[in-house]
Amino acid sequence: MRSDQSHLRGLNPEQRQAVLHTDGPVLVLAGAGSGKTKMLVHRISHLIRSGKAEPRQILAVTFTNKAAREMRERVAAFAGDAAADVVISTFHSLGVRILREHGEALGLPRRFAIYDTRDQLGALKTAAAEVHIDDDRFDPHRVLRRISDWKTRGVTPSAARREVMAEPTRGDRSDDYAVLSADAYGKYQEVLRACGAVDFDDLLLLPVRLLEEDEEVRRAVWKRWRYVMIDEYQDTNGVQLDLARHLAGGRRNLCVVGDDDQSIYAFRGADVRNILEFERHFPGAEVIQLVQNYRSTKRILAAANAIIRGNPHRHEKTLRTDNPIGPPIDLYEHEDEVAEAETVAKEIGLRRYRHGTRWSDYAVLYRTNAQGRVLEEALREKGTPYRVVGGTGFFDRKEIADGVAYLRAVAHPDDEIAVRRIINFPTRGIGRTTVMRVAELARSRRTGFCRMLTQVGDDDVGAAQARAIAAFQALLDRARRQLRKAEEHTATHPPGSKLTPIAEWALELFRNGSGLIDAVADDEHRVHNLKDLVGAIARYERKRWADRPDAEQAYEGRPVLAPEGWEPPTLHDALARLALDQEEDDEEDDDTDAVVLMTLHSAKGLEFDEVFLVGLEEGILPHSRSIDEAPAGDPLAEERRLLYVGLTRARTRVTLSRCLTRKRGGEAVETLPSRYLDDLPDEHVNLKSADAILTPEESAELRQNFFKDMKEMLEG
DNA sequence: CCAGGGGTCCTTTTT
DNA sequence: GGACCCCTGG
């Protein structure tokens, strides 16, 4: 329970006072690598130890589950057992928590579904079909972005319509496109409600609405949390600012930490002004600046500072460090992305051997997920262990989306989007025409799509189709009955060595109930993925039981009475968790030694010994989309910040690279160097031109390395 | 009315 | 590697 206070030592007494003791609003404006999150951990443990608050009255909010997990661990290391009761949650999980307790006031079902982007797209298409939008320029993704934009600013459909009408007309068809989007927004919300579902934006928006409109909810929340902390505050959007205000309440014990130079989420509504104008939003706020960097070498900081200086409108600050100057930054120029990837793979192999480092000391960062593929290939070829963080999510895989849709169709009886997805997969004779006819019938009889399915007769659709629908309905009914049994069982029986009840039920559903596994049987990989989904449910059930206060007393095979306040695992809850936290594959987490691959966005908040930053070209960084779209403000400022974030992830060494040509749609296209390269200080940058072929000496070196690995493996 | 094949387009960043 | 569209045959 001894704490590492080194970061506090860098503070003067007032700053220390502010971080640890001050009530009222506090803004910690902290540069990269200055120990931002650590400040929050200090504050939390101090609050506990000084007795100013009970652990359960402390709330810390993060953006990602990973950040939440990390903070939980660190707080536990500082404050011991008491830390378990501190509520550390992501914004979205917090939203679920509030909605679960109070959501019924908004007409939300107790068990609401959470829609991801894919479901949102489905809902929007359903909505569009209902208002007969057949505009050929109707681009669902674009409309969805627009809708999300409104929602993150707390704009209702009717307000959106007014907003659109009030906009100066450009006189072209984009005007009616805007109106179209506003109309689609209203309908989209109706579809969500009819499905008993919320999207990610609702998870923030609806709690705020509750807090605004319901005195009782407001009081409950104020009573619940006395000290509120928010990490990465620069990434908050309009709705999150409102939420922060409500959570802080009249006490205003709100401590936020962030760095405006690391604001990289404007595309999903984040508003840097929230951190820049914190003192205006929370008058009397204490502001502390931290510019001491504990992470990187002097050279890396010099480069990072030089890059970020190019941005206007920022809290001016220059990071400094007592760390050594470090090696120069290498800049490689490659023929194409394949050569780039091969050189990265080769360099990592060599350096690891020469310096006796671990694979996990190296990270390769890129702007777009697509860049990761080539890198993976090169690393695989060399036999280098690697781990891709984020990327094409588990849930983006078709078979997983199908599996989840089955689970949801069972768990949420009104979930039209889920049902439509699986009603004819695997094919069972319910084609497009029939589905459209059912939807039409549902509308004319003013009932829901799912309810309509239980009522269609031979006159409504063909006899064969009616039979197929009845069979599908029977499938769902049977699955529901079996689920009820599984849930009863899992509620009273601690998990043993066998597969947990809900997971086992899901496997049965995939295997026999739905025929899903048969449908993908020819692809081993997909079958494996479906089993992973089952595994995720099992992990959830076990975790639920592990969280039970009397878990030790509970033993296998014997029903035990649930203690007060403990909720047994349910499919619905498992789905909510799955939607919010796409936890990585269980075993191969942090402890496996592997090179890490990820986007610059995913890298924020992390640090590595050596960082490779690839694809420093116009069109990649800055990305062409952000160059083209250039709305108000300057989107390019954000691209610059991305590079800043990338550079400041490294402790000792940064290696940059760009390609002279890059494949675009099968064609190799010439590229231009990223404009940001000009801003790097020459004296710290080493221009290299590399080829990926190993010299004989290097080959020998790597061969030896290979034998060393084998030996270690055999010994270990 | 349904299933399956083949062609075409695109692909920022994430809870 | 997808998602989507159109075409053909049953």
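Not measured: the values here are computed from a predicted model. In the text below, chain A, chain B and the rest are named by the order of the sequence lines, each starting its count at 1.
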Less than 4.0 angstrom between a side-chain N/O of [X] and OP1 or OP2 of [N], yes or no?
X: A/N369; N: B/dT13; value: yes
X: A/K663; N: B/dT11; value: no
X: A/R641; N: B/dT13; value: no

Name the nucleic acid region contacted by [X], choosing base, sugar-phosphate or nothing; use a 4.0 angstrom heavy-atom cut-off, strictly under.
X: A/N424; value: sugar-phosphate
X: A/F63; value: sugar-phosphate
X: A/K125; value: sugar-phosphate
X: A/G462; value: nothing

Nearest to the side chain of [X] - [options]?
X: A/R437; options: B/dT15, B/dT13, B/dC1; answer: B/dC1
X: A/T427; options: B/dT13, B/dG4, B/dT11; answer: B/dG4
X: A/S602; options: B/dT14, C/dA3, B/dT12; answer: B/dT14
X: A/K398; options: B/dT12, C/dA3, B/dC2; answer: C/dA3
X: A/T368; options: B/dT15, B/dT13, C/dA3; answer: B/dT13
X: A/R268; options: B/dT12, B/dC1, B/dT15; answer: B/dT15
X: A/T433; options: B/dC2, B/dT15, B/dA3; answer: B/dC2
X: A/R625; options: B/dT11, C/dC4, B/dT13; answer: B/dT11

To the nearest Å, give me how far apart [atom1] ([X]) and [atom2] ([N]) are.
X: A/L365; N: B/dT14; atom1: CG; atom2: C1'; answer: 16 Å
X: A/L204; N: B/dT15; atom1: CG; atom2: P; answer: 13 Å
X: A/E232; N: B/dT15; atom1: CD; atom2: P; answer: 12 Å
X: A/Q262; N: B/dT14; atom1: CD; atom2: P; answer: 16 Å
X: A/R577; N: B/dT15; atom1: CZ; atom2: C1'; answer: 16 Å
X: A/L578; N: B/dT15; atom1: CG; atom2: P; answer: 14 Å
X: A/L642; N: B/dT13; atom1: CG; atom2: P; answer: 11 Å
X: A/L643; N: B/dT12; atom1: CG; atom2: C1'; answer: 16 Å

On DNA chain C, does the nearest nucleotide to A/R432 precede the nearest nucleotide to A/R373 from the 5' side, or the other way round? Give the residue.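 Upstream on the strand: A/R373.
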
Please check if atom CZ in A/R245 has more than 12 non-hydrogen atoms from other residues, nucleotides or ligands closer than 6.0 Å.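 More than 12 within 6.0 Å, yes.
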
Return yes if a side-chain donor-acceptor contact under 3.5 Å exists between A/N529 and A/E399, otherwise no.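 On atom types as modelled, these side chains qualify, holding a pair under 3.5 Å.
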
Under 3.5 Å, is there a donor-acceptor pair linking the side chains of A/D201 and A/S148?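 A/S148 and A/D201 do have a side-chain donor-acceptor pair below 3.5 Å.
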
Nearest-nucleotide wise, let me know which of A/D201 and A/R428 is further upstream toward the 5' end of DNA chain B.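 Taking each residue's closest nucleotide, the earlier one in sequence belongs to A/R428.
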
State whether the side chain of A/R153 and the backbone N or O of A/V239 hold a donor-acceptor pair below 3.5 Å, judged by distance alone.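 Here the side-chain-to-backbone pair does not exist.
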
Any donor-acceptor pair under 3.5 Å linking the side chain of A/N274 with the backbone of A/L241?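 No: the side chain of A/N274 does not pair with the backbone of A/L241.
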
According to the 5.5 Å centroid and 30° plane-angle thresholds, does A/H601 stack upon the nucleobase of B/dT13?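 Stack criterion not met.
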
Compare the aromatic ring of A/F267 with the six-membered base ring of B/dT13 and state whether they stack according to the 5.5 Å and 30° rule.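 Per 5.5 Å and 30° rule: yes, stacked.
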
Look at the side chain of A/H92 against the base of B/dT15 and say whether a donor-acceptor pair falls under 3.5 Å; ignore hydrogens and angles.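 Looking at the base of B/dT15, it does pair with a donor or acceptor on the side chain of A/H92 (distance under 3.5 Å).
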
With salt bridge (charged side-chain N to carboxylate O under 4.0 Å, His left out) as the test, pick out the partner of A/E617 among A/R662, A/R675, A/R658.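 For A/E617, the salt bridge (charged side-chain N to carboxylate O under 4.0 Å, His left out) check succeeds only for A/R662.
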
Is it true that A/Y366 and A/H601 have ring centroids separated by less than 6.0 Å?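 When the ring centroids of A/Y366 and A/H601 are compared, they turn out to be at least 6.0 Å apart.
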
